[in-house]
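One structure is given below, encoded as structure tokens.
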Amino acid sequence: MNLQDYIAQADALERDGSAALQGAADADALEAARIAFLGDRQGQVKTLQEALRAISKDDKPAAGKRFNEARTRLESLHAERKTSLDRATAPAAAEDRSLPARRQWRGAKHPVTLVIEEIEGIFRELGFTVAQGPQAETEWYNFGALNFPPNHPALDAHDTMYLEGEGLLRTHTSPVQMRTLQKYVPPIRVLIPGLVHRRDPFDASHAPSFEQIEGLCVDEGISFVDLKATLNRFAERLFGASRTRFRPSFFPFTEPSAEMDVQCGVCGGSGCATCKGTGWIEILGAGMVHPKVLEAAGIDSERYSGWAFGMGPARIAVSRYGIPDIRILYDSDVRFLEQIAE
Ligand code: DAH
């Protein structure tokens, strides 16, 4: 047989076989078509394979290739048809009406947003309003107005992201203290949530951009007692009836300055992984507003005094929800977010 005739036969076989296999109405018809075309003994495919022997040596590779194509196609059509017939005739799976319906994920608030909103609610009750300020700041608002000396290490390009020309991305929300003091007359009570940026690479406890919440209270006759009473009340509301402690600290814009720790709610103060064995969780920095800050805003520091604080709600979210790595908060993986979302 010459090559042309062989290929014509293969074409015809493939066409007829396809029609028979695809058109098989049920399992019996399919089996009959399989035997007729793909059957081992007298199947037409087998016959075509045997006809290869009569092909000249030169034409054999081309004929063999065509034969293989036709066979493979018919085999896969058979498998396909079998699967679809099996599926159509399989008994319907018993219905389980006790199975809970699949809940739809509609999205929800991020854990850090939940913490910020809760903190805003607590301070609103205490008479604070919520304010915001720009993320692109001038050096003066970010550092100078806050009494940072010109050679302070925080100004280092190592920690700070400077913008081309003038300005920088604020490294904390404290510059909004000055913007508020310039804009309003005391009594002032504001809470300032917002994003801040530092050249910290991502690791388990640091992110280069993160939320802060600043608080500021300025009026006549404000003392450290007001600071402690307000922040203790806040800690009580946010963490339950836990104890707090104030440790002396330093910030250029407050004097005196303190850091507030809250007794660990997980272990009750005996020491665990959440509090790294210390029994305490560091929550915020605070202090009495430095007279130089008030004066820079044109506020008489003899008449008025105030206190301020700054904290990181992501840190609070991490300890509250037992999150092992702060980076998870920024991955936008809904499988994680869904566990916490309300
Ligand atoms: N701005 C400080 C920081 O980013 C936090 C801070 C500390 C803010 C003490 C304050 C304060 O208002 O009184 O680390």
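We number each residue from 1, following the sequence as shown. Start at 1 and go down the list; that is how both ligands and their atoms are numbered.
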**Prompt:** Taking the inter-plane angle between the rings of Phe309 and Trp307 on a 0 to 90° scale, is it parallel (under 30°), tilted (30 to 60°) or perpendicular (over 60°)?
**Reply:** parallel
**Item:** Mutual orientation of the aromatic rings belonging to His172 and Phe148 [parallel < 30°, tilted 30-60°, perpendicular > 60°]
**Value:** perpendicular
**Item:** Chi angles and distances behind the salt bridge (charged side-chain N to carboxylate O under 4.0 Å, His left out) call for Arg124, Glu117
**Value:** CA-CA 10 Å; Arg124 263 205 194 97; Glu117 288 185 353; over 6 Å; no
N/O pairs closer than 3.5 Å, ligand 1 and protein:
residue  : atom   : partner : partner atom : Å
ligand 1 : 1 (N)  : His172  : ND1          : 2.9
ligand 1 : 1 (N)  : Ser174  : OG           : 2.9
ligand 1 : 4 (O)  : Arg198  : NH2          : 3.0
ligand 1 : 4 (O)  : Gln212  : NE2          : 3.0
ligand 1 : 12 (O) : Gln177  : NE2          : 3.0
ligand 1 : 12 (O) : Glu214  : OE2          : 2.6
ligand 1 : 12 (O) : Phe309  : N            : 3.4
ligand 1 : 12 (O) : Phe309  : O            : 3.3
ligand 1 : 13 (O) : Ala308  : O            : 3.2

**Request:** Please determine, by modelled atom types, if Ser209 and His197 share a side-chain donor-acceptor pair under 3.5 angstrom.
**Result:** yes
**Message:** Is the positively charged end of Arg179 above the ring of Tyr141, judged by distance under 6.0 angstrom from the centroid and angle within 45° of the axis?
**Reply:** yes
**Request:** Go through Phe202 and Tyr330 one step at a time and tell me if the ring-ring contact (aromatic ring centres under 6.0 Å, His included) criterion holds.
**Result:** CA-CA 10 Å; Phe202 257 125; Tyr330 304 96; 5.7 Å; yes
